[in-house]
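Heads up, the thing below is written out as structure tokens.
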Number of protein chains: 2
Amino acid sequence: MATDELMRKALEALRDDGPPSVEAIHRLTDLGGVHEPMMINEVADLLDISPHTLRYYERAGLVEVARDGNGHRLYDAEAVRRLVFLTRMRLAGMPMRDLQHYITLVEAGKHTVPERLDMLIEHRDTICRRIRELALSLTAVEYKIATYGGWTGPDVQDLDTALPREPQRRTQAAGTDKRGAGERADGGPE
Amino acid sequence: MATDELMRKALEALRDDGPPSVEAIHRLTDLGGVHEPMMINEVADLLDISPHTLRYYERAGLVEVARDGNGHRLYDAEAVRRLVFLTRMRLAGMPMRDLQHYITLVEAGKHTVPERLDMLIEHRDTICRRIRELALSLTAVEYKIATYGGWTGPDVQDLDTALPREPQRRTQAAGTDKRGAGERADGGPE
DNA sequence: GTTTGCGTTCGAGCGCGCTCAAAGCCCTAG
DNA sequence: CTAGGGCTTTGAGCGCGCTCGAACGCAAAC
């Protein structure tokens, strides 16, 4: 089944260059400590978004933020935690609209938990679909890279050595590869 | 290492609901046959984009399309093949700008092949990064789903049975799970 | 002949998610 | 005292990738 090869591709995608999202993983888990309120720039640095965007999120009703004596924003632990959640969902491609709806559910109380879970589950499925799409695209691009020399350039072998990945790992994929005759399909002069 | 768990997540993402991108895989390989020129709506159906978008791509200089006696577009095999490539790249998130640059390289001749390969390789890395981001988001969302009941809802067990996936498969993940004490980090009332 | 239907061109509009400019307040350094 | 810098608010602008509307042309059907 071709899906197997997609899995392999996704795995390879994840294996590459060691700790790419280490700080992201920290963000995933390292917010358990006690915070005193943070200023907007601190939060912006923490979340790697701009102060503009933080103010925009607040205007959009996604989070409420207290002010100090000078009217400056003070982000307490609660607000920061929610913003971590929000930025994570944004990164995962959830539209602002959905986040706004989700937040209204949160503020409506416990009885909305089932609907919130529905949203999360649907979002999870969306992420899965997107990963699958990208794995497919990855397959296509890697195939294109590997075969580019066929009509207009050097041999595939030369190209393979130029890439920073091990050439062989297709123990099972080599058998189930169903291209062959259809090889020209992807090998145009682009 | 947490990356292992990300791999597992990506695998799960790909395993779900059987043939989600089967037709996409067909598009990947099934264009080897000889075409006679296609009308815009046929191409639109084939690529699952609108005729509007096809005209837009042409205006953007991404593809040249001949006309019949009535001025209607006739997409020959070459144009269709290029559009398959283009839509695949778009789906993978390559910006129009880059595609335009790439196409100018293609039309500039063979000597641009190295630069084209550079673009493809960079794009491949972009896709990998994006997959990793999404895998991380997926981890976060699934964790959130699994633990949602902790403060505001029913028990985790109940939630697990409500999900359309097998509960246990964490043979290795159960051991390497490094959360535990930091569990509250992600378990806010959202 | 006229209507229906699908295509054409050109340019404008839209939805999204920011991103920024203008005008003003407050605090601190020189 | 004044200048600078950073924050505030509001509303406007932007970049992207389409998406659509208006006005028109041709061709087959009635």
Side-chain angles (χ1 to χ4, degrees), chain A residues 36-76 79-80 82-83 85-103 123 126 130 133-134 137, chain B residues 36-76 79-80 82-83 85-103 123 126 130 133-134 137:
Chain A
E36 38 203 46
M38 302 171 72
M39 303 295 286
I40 195 168
N41 272 319
E42 301 175 279
V43 181
D45 288 349
L46 177 71
L47 300 178
D48 201 26
I49 58 180
S50 75
H52 287 303
T53 303
L54 282 171
R55 286 187 275 257
Y56 168 71
Y57 285 175
E58 185 179 350
R59 267 197 283 181
L62 294 181
V63 63
E64 288 176 12
V65 185
R67 304 298 144 110
D68 67 7
N70 298 325
H72 293 193
R73 286 169 176 80
L74 285 181
Y75 292 84
D76 62 13
V80 171
R82 178 175 286 185
L83 282 167
F85 170 75
L86 291 170
T87 51
R88 197 175 290 149
M89 291 302 112
R90 288 292 305 122
L91 191 67
M94 181 176 276
M96 290 292 290
R97 197 167 316 190
D98 291 359
L99 283 175
Q100 287 168 327
H101 182 211
Y102 190 92
I103 291 301
H123 183 51
T126 301
R130 187 69 187 129
E133 282 178 3
L134 285 178
S137 300
Chain B
E36 38 203 47
M38 301 171 72
M39 303 297 285
I40 194 167
N41 270 320
E42 300 174 280
V43 181
D45 288 349
L46 177 70
L47 300 178
D48 201 28
I49 59 181
S50 75
H52 287 304
T53 302
L54 281 171
R55 287 187 274 257
Y56 168 71
Y57 286 175
E58 186 179 350
R59 269 195 284 179
L62 293 181
V63 63
E64 288 176 13
V65 184
R67 305 297 144 106
D68 67 7
N70 299 325
H72 292 194
R73 286 169 176 79
L74 284 182
Y75 292 84
D76 60 14
V80 171
R82 178 175 287 185
L83 282 167
F85 170 75
L86 291 170
T87 51
R88 196 176 291 149
M89 293 301 110
R90 287 292 306 121
L91 191 67
M94 182 176 276
M96 290 293 289
R97 196 168 316 189
D98 292 1
L99 283 174
Q100 287 168 327
H101 182 211
Y102 189 93
I103 291 300
H123 183 51
T126 301
R130 187 69 188 128
E133 282 178 3
L134 285 178
S137 299

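Per chain, numbering begins at 1; letters A, B, ... match sequence-line order.
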Its contact letters, B for base, S for sugar-phosphate only and - for none at protein heavy atoms under 4.0 Å, make nucleotides 22-30 of chain D read ----SS---
Would you give the length of the straight line joining atom [atom1] of [X] to atom [atom2] of [Y], rounded to the nearest 0.5 angstrom?
| X | Y | atom1 | atom2 | value |
| --- | --- | --- | --- | --- |
| B/F85 | B/L62 | CZ | CG | 10.0 Å |
| B/L134 | A/L91 | CG | CG | 7.5 Å |
| A/M89 | A/R82 | CE | CZ | 13.0 Å |

Taking atom [atom2] of [N] as reference, at what distance in whole Å does atom [atom1] of [X] sit?
| X | N | atom1 | atom2 | answer |
| --- | --- | --- | --- | --- |
| B/L91 | D/dG17 | CG | P | 13 Å |
| A/N41 | D/dG5 | CG | P | 15 Å |
| A/E42 | D/dG6 | CD | P | 14 Å |
| A/D45 | D/dG6 | CG | P | 13 Å |
| A/M39 | D/dC7 | CE | P | 7 Å |
| A/M89 | C/dG17 | CE | P | 15 Å |
| B/L99 | D/dG17 | CG | P | 9 Å |

Tell me every residue that passes side-chain contact (heavy atoms from CB on, under 4.5 Å) with [X], counting only those two or more places apart in sequence or in another chain.
| X | result |
| --- | --- |
| A/H52 | A/S50, A/R55 |
| B/R90 | B/Y57, B/M96, B/L99 |
| B/H72 | B/M39, B/D68, B/N70 |
| A/N41 | A/P51 |

Non-hydrogen side-chain atoms of A/M38 and A/V80 separated by less than 4.5 Å: yes
Check your understanding: Do B/L86 and B/I103 come close enough that some side-chain heavy atom pair is under 4.5 Å?
Key -> yes
The side chain to side chain donor-acceptor pair (under 3.5 Å) partners of B/T126 (sequence neighbours excluded) come to B/R129
Practice prompt. Mind checking A/P95 for me? I need base, sugar-phosphate or nothing, with any heavy atom below 4.0 Å counting as a touch.
Written response: sugar-phosphate
Per the under-4.0 Å heavy-atom filter, residues of residues 55-62 of chain B near DNA chain D come out as B/Y56, B/Y57, B/R59
Would you please confirm or rule out a distance under 4.0 Å between OP1 or OP2 of D/dC7 and any side-chain N or O of A/R73?
-> no
(Q) So, OP1 or OP2 of C/dC18: does either fall under 4.0 Å of a side-chain N or O from A/R90? (A) yes
Against the side chain of B/H52, the closest entry in D/dT8, D/dT19, C/dC18 is D/dT19
Of D/dT8, C/dC6, C/dG17, the nucleotide closest to the side chain of A/I40 is D/dT8
Show each protein N/O and nucleotides 28-30 of chain C N/O combination with a separation under 3.5 Å, one pair to a line.
none

By nearest-nucleotide position on DNA chain D, the 5'-leaning member of B/M96 and A/L74 is A/L74
Residues passing the salt bridge (Lys or Arg N to Asp or Glu O under 4.0 Å) test with B/R59, sequence neighbours excluded, are none
Across all chains, not counting sequence neighbours, the salt bridge (Lys or Arg N to Asp or Glu O under 4.0 Å) partners of A/E58 are A/R67, A/R73
